[in-house]
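Take a look at the structure set out below.
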Number of protein chains: 2
Amino acid sequence: MTDFLPPIQTTARDDAVLKALVGFVRQEALGPGEKLPTERILAERLKVSRNTVREALTRWEGLGLVERRQGSGTYLKAAVSPDMLHMPLTLAGGNDFSGLMRTLEIRRALEAEAAALCAVRAGKAEIAEIERKLDIMEEAFRTRAGMSSEEDWEFHQAVYRASGNPLFEQIISAMHELFHRFWEHPLGVRDFGHASFPYHRTIFDRIAAHDPDGARAEALKLIATVENDLKRGAANLKMSDRK
Amino acid sequence: MTDFLPPIQTTARDDAVLKALVGFVRQEALGPGEKLPTERILAERLKVSRNTVREALTRWEGLGLVERRQGSGTYLKAAVSPDMLHMPLTLAGGNDFSGLMRTLEIRRALEAEAAALCAVRAGKAEIAEIERKLDIMEEAFRTRAGMSSEEDWEFHQAVYRASGNPLFEQIISAMHELFHRFWEHPLGVRDFGHASFPYHRTIFDRIAAHDPDGARAEALKLIATVENDLKRGAANLKMSDRK
DNA sequence: TGCAGAAATTGGTTGGACCATTGAACCACT
DNA sequence: AGTGGTTCAATGGTCCAACCAATTTCTGCA
């Protein structure tokens, strides 16, 4: 028996606006990139003030669901559904080196688990797709004699997708966007990423062999090399933007 | 060398408001739960319209940094700092059983890594604290003849804290809040959580022995039992709120 | 046809007004 | 003293009607 009494909701205008907006998007089958109605039109149709519409849209903008361009309109940035759950995270003090290392520890956790899940669940098509990305990456490595962050990232994303759980890609992509200036930047280390190169192939081998524990172990090794490179980089240039 | 030049911001009123607000919070050394100035006062002091202040606060409210109570005021919900980074995640279709399982896969990843890191970094004090929580949990298990989600949660939080990376606790806590109705609810399974009980002690042993790989392995086993219980529960009552 | 400038569109901001809720002060009654 | 009701000021929530700034579209001239 629970004595939990939820507080009654007398008014929730902006929530109602968002709910109506979800319905509209479904009705019109709008996808990412498409434009949704003007604030003024929404206000008129929903019989609320434009201010209320704006508060609702501000919420969605803060959640990254929508992008507002002055003079142009408001555009969807992601798919919306009636049963979305929001999990906003704020990393305090994430700008310095220790913040980067902390996100990398999260990435290590997720990368290992994604690889393991991938080994269990990936079908023939997914495995082929991953191998394709791997080939592209290795080719780029050979021709340009060094890691290419673009192709490397594509490979990892293919693994996340094949894990069957979109949360992996969402979380790691969010961190990737926050720190792309670091992830892409060699930090003064000449052969940044070189050490991680061979593990891409070994991860793929374990996935293709449907060996989750092996895939997990190889993924852990890969991230360990990245961490080492970052530590070297930090030692090199003392992280110029440290506060 | 990066050719990235951020576009100059001719207008960024609400961002400026938030920046000023961060400064104010620092200046006054405000902590969570404390009240911050009235919207009207902020508008007057910052020389912006009250609507602009409201948009800024709406953003913070959406990020869970602040709580607004009509008739009372606006209160801090979390610590704010000038170098915060925001990472809002939205889980599409997270209300049904598969959504819960997806978050549990994330938890498995983080739980394993947190335990491993904890085994490496936990000092004597942290280990003692974890053991204290463990004793409390085992005592509760004995007297009430069953898992107690409250004490169980306390134990895990102690592990996250001792991992030395606050992100683990942040992310898992956010998921815990989203799904607390599931995590706390036995889902029709009588002995829910029973199977996971012994692994708490084994995880602690591996942590106390500073054995990261062992701790990781035990944590994986624990989550596996929880997943099994959930699957049984889902089979039992068909997830009444499935859409 | 091509393009510069005008006009319409759209999000951003302002100021002012009123409503709904809260909480404290006050008061009457027990 | 304490319980309950009333009043009233403070505060967030909503609304309106403008105007500003960036963008897009249209128009008319060369």
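As the structure is a prediction and not an experimental result, all values here were calculated from the model. In the text below, chain A, chain B and the rest are named by the order of the sequence lines, each starting its count at 1.
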Just distance, no hydrogens or angles: give the donor-acceptor pairs under 3.5 Å from side chains in residues 20-37 of chain B, sequence neighbours left out.
| from | atom 1 | to | atom 2 | distance (Å) |
| --- | --- | --- | --- | --- |
| Glu34(B) | OE2 | Gly31(B) | N | 2.9 |
| Lys35(B) | NZ | Ser72(B) | O | 3.2 |

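Applying the salt bridge (Lys or Arg N to Asp or Glu O under 4.0 Å) test to pairs two or more places apart or on separate chains, those with a residue in residues 42-52 of chain A are Glu39(A)-Arg50(A). Residue pairs meeting the salt bridge (Lys or Arg N to Asp or Glu O under 4.0 Å) criterion with at least one member in residues 153-162 of chain B, sequence neighbours excluded, are Lys133(B)-Glu154(B), Arg161(B)-Glu169(B).
A straight line from CG of Asp15(B) to C1' of dT13(C) spans 15 Å, rounded to a whole angstrom. Protein atom CG of Leu57(B) is 14 Å distant from nucleotide atom P of dT13(C), rounded to whole Å. Tyr75(B) has its OH atom 9 Å from the C1' atom of dG23(C), to the nearest Å. Note: CZ (Arg68(A)) to P (dT23(D)) measures 15 Å, nearest angstrom. In this entry the distance linking CD of Glu67(B) with P of dG13(D) reads 11 Å, nearest Å.
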Grab the N/O contacts between the protein and nucleotides 7-11 of chain D below 3.5 Å, and write none if there aren't any.
| from | atom 1 | to | atom 2 | distance (Å) |
| --- | --- | --- | --- | --- |
| dT11(D) | OP1 | Thr38(B) | OG1 | 3.2 |
| dT11(D) | O2 | Gly71(B) | N | 3.2 |

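Across residues 46-56 of chain A, Val48(A), Ser49(A), Arg50(A), Asn51(A), Thr52(A) each have a non-hydrogen atom less than 4.0 Å from an atom of DNA chain D (numbered order).
At least one side-chain heavy atom of His200(B) sits under 4.5 Å from a side-chain heavy atom of His156(B). Side-chain atoms of Glu55(A) and Asn51(B), non-hydrogen and from C-beta on, never get closer than 4.5 Å to each other. Thr58(A) has its side chain within reach of Arg59(B): a pair of non-hydrogen atoms, C-beta onward, lies under 4.5 Å apart.
Tyr75(A) carries Arg69(A) over the face of its six-membered ring, with the cationic atom under 6.0 Å from the centre and within 45° of the normal.
Contacts of Thr38(A) classified as side chain to side chain donor-acceptor pair (under 3.5 Å), with partners at least two apart in sequence or in another chain: none.
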